[in-house]
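Both ligands and their constituent atoms are indexed starting at 1 by order of listing.
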Amino acid sequence: MEQMKRHVDVMFSAAEIQQRVAAIVDEMAEHDCGKRFVMVGVLRGSFMFLADLVREIDRLQREPHIDFMTLESYHGGTESSGVVRLRKDVSVDVRGAHVLLVDDILDSGRTLTFAVRHIENKGAAHVRTCVLLDKPERRSPDFPISADHVGFTVPDKFVVGYGLDADNRFRELPYIGVVRDG
Ligand code: IMP
Ligand code: MG
């Protein structure tokens with residue numbers, strides 16, 4: 001009944017998300033992550049995904065440093081403004097580190113491209129990327145990026161929940177869904 005009130009149709013349940021998180025960590029087990037491993041969440045959308053990932057990554061015993069950077073490419077609406085701004089930089093020194101960038105969704109590719117370049121410019125030895133959702137149909141030809149780890153590939157629909165928002169609403173939902181019209 002709660003879900004009805006919110007007008008959100010479930011696309012991926014909490015249980016499905018947890019299964020994918022575990023599968024992503026299995027993928028990560030196959031990659032070396034150096035002596036210094038830093039996981040950087042792109043705020044705000046990645047907070048829930050990163051929290052679940054790090055708890056699952058514990059079983060790999062890699063002792064990551066955890067940090068965040070705040071990027072803004074959105075200004076309230078559901079269309080990208082076209083400009084990415086760094087609102088808060090990482091605090092951990094990433095020089096020489098293996099960095100895993102974690103974001104909620106890969107859409108036009110602007111945000112993740114910016115994030116990768118930024119971390120590379122700060123001197124990281126190696127940068128890998130992990131996104132919960134990928135919308136390949138939306139990729140801009142100017143940002144032909146793909147992520148190293150992808151939770152789910154989704155169609156061109158605006159999704160919310162599990163950290164993702166529509167005008168700052170719905171981030172708290174433990175599942176991912178689509179807001180119903182009307
Ligand atoms: P990009 O820079 O166009 O790839 O957009 C990436 C950012 O846009 C993500 O980190 C999200 O914050 C936001 N975004 C893109 N698509 C959606 C969506 O369907 N729901 C919520 N946020 C989205
Ligand atoms: Mg975001």
Side-chain angles (χ1 to χ4, degrees), residues 3 6-14 16-18 20-21 24 38-54 66-90 94 99-122 124 127-182:
Q3 285 163 219
R6 282 175 174 136
H7 304 292
V8 176
D9 291 322
V10 177
M11 187 181 272
F12 302 111
S13 68
E16 286 173 303
I17 295 168
Q18 293 318 309
R20 274 306 296 158
V21 168
I24 289 170
V38 183
M39 292 177 67
V40 176
V42 179
L43 291 176
R44 285 163 285 176
S46 73
F47 76 95
M48 208 179 274
F49 182 38
L50 186 92
D52 283 343
L53 264 183
V54 298
I66 313 290
D67 204 351
F68 295 94
M69 64 199 282
T70 306
L71 297 182
E72 257 184 26
S73 63
Y74 258 53
H75 300 277
T78 58
E79 286 299 316
S80 224
S81 71
V83 186
V84 180
R85 283 191 301 172
L86 178 68
R87 296 299 297 254
K88 186 209 154 282
D89 205 347
V90 289
V94 298
V99 176
L100 179 70
L101 272 170
V102 179
D103 204 357
D104 53 357
I105 185 165
L106 186 48
D107 190 46
S108 74
R110 261 186 207 95
T111 307
L112 200 63
T113 301
F114 180 100
V116 169
R117 282 186 193 149
H118 180 72
I119 295 296
E120 282 175 351
N121 288 342
K122 289 176 82 80
V127 182
R128 293 183 68 79
T129 54
C130 175
V131 296
L132 176 67
L133 303 174
D134 184 9
K135 274 187 200 170
E137 288 169 45
R138 294 267 304 169
R139 202 78 80 255
S140 158
D142 296 335
F143 305 100
I145 190 171
S146 58
D148 297 306
H149 303 277
V150 175
F152 303 98
T153 299
V154 293
D156 183 10
K157 284 186 178 161
F158 199 79
V159 290
V160 297
Y162 195 70
L164 291 113
D165 72 304
D167 239 342
N168 268 313
R169 295 176 64 210
F170 306 114
R171 289 193 200 274
E172 73 282 10
L173 305 184
Y175 51 87
I176 293 164
V178 178
V179 183
R180 214 175 301 141
D181 289 337

Working to the nearest 0.5 angstrom, can you tell me the gap between [X] [atom1] and [Y] [atom2]?
X: Leu132; Y: Ile105; atom1: CG; atom2: CD1; result: 8.0 Å
X: Phe152; Y: Met11; atom1: CZ; atom2: CE; result: 10.5 Å
X: Arg117; Y: Leu112; atom1: CZ; atom2: CG; result: 11.0 Å

Using a strict 4.0 Å cut-off to heavy atoms of [X], name the atoms of ligand 1 that fall inside it.
X: Ser108; value: 1 (P), 2 (O), 3 (O), 4 (O)
X: Leu164; value: 20 (N), 21 (C), 22 (N)
X: Lys157; value: 19 (O)
X: Lys135; value: 16 (N), 17 (C), 18 (C), 19 (O)
X: Arg110; value: 2 (O), 4 (O)

Would you say [X] contacts ligand 1, with heavy atoms under 4.0 Å as the rule?
X: Asp104; value: yes
X: Arg139; value: no
X: Arg138; value: no
X: Asp165; value: yes

Q. Does ligand 1 have a heavy atom under 4.0 Å from the side chain of Asp107, from its backbone, from both, or from neither?
A.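 Contact part for Asp107 vs ligand 1: both backbone and side chain.
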Is a side-chain N or O of [X] found less than 3.5 angstrom from the main chain of [Y], in a donor-acceptor match?
X: Lys88; Y: Phe68; answer: yes
X: Arg20; Y: Gly151; answer: yes
X: Ser46; Y: Phe49; answer: no

Q. Between Gly109 and ligand 1, does any nitrogen or oxygen pair lie at a separation below 3.5 Å?
A.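 Yes, at least one N or O pair falls under 3.5 Å.
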**Q.** Winner among Val131, Val159, Asp156, Asp103 once heavy atoms are compared against atom 20 (N) of ligand 1
**A.**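 Ranked by closest heavy atom to atom 20 (N) of ligand 1, first place is Val159.
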Q: Using a strict cut-off of less than 4.0 Å between a Lys/Arg side-chain nitrogen and an Asp/Glu carboxylate oxygen, indicate whether Asp89 and Lys122 qualify as a salt bridge.
A: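 Salt bridge: yes.
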**Q.** Lys/Arg-Asp/Glu bridge criterion (N-O < 4.0 Å) met for Asp134, Arg139
**A.**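 Here Asp134 pairs with Arg139 in a salt bridge, since their nearest N and O are under 4.0 Å apart.
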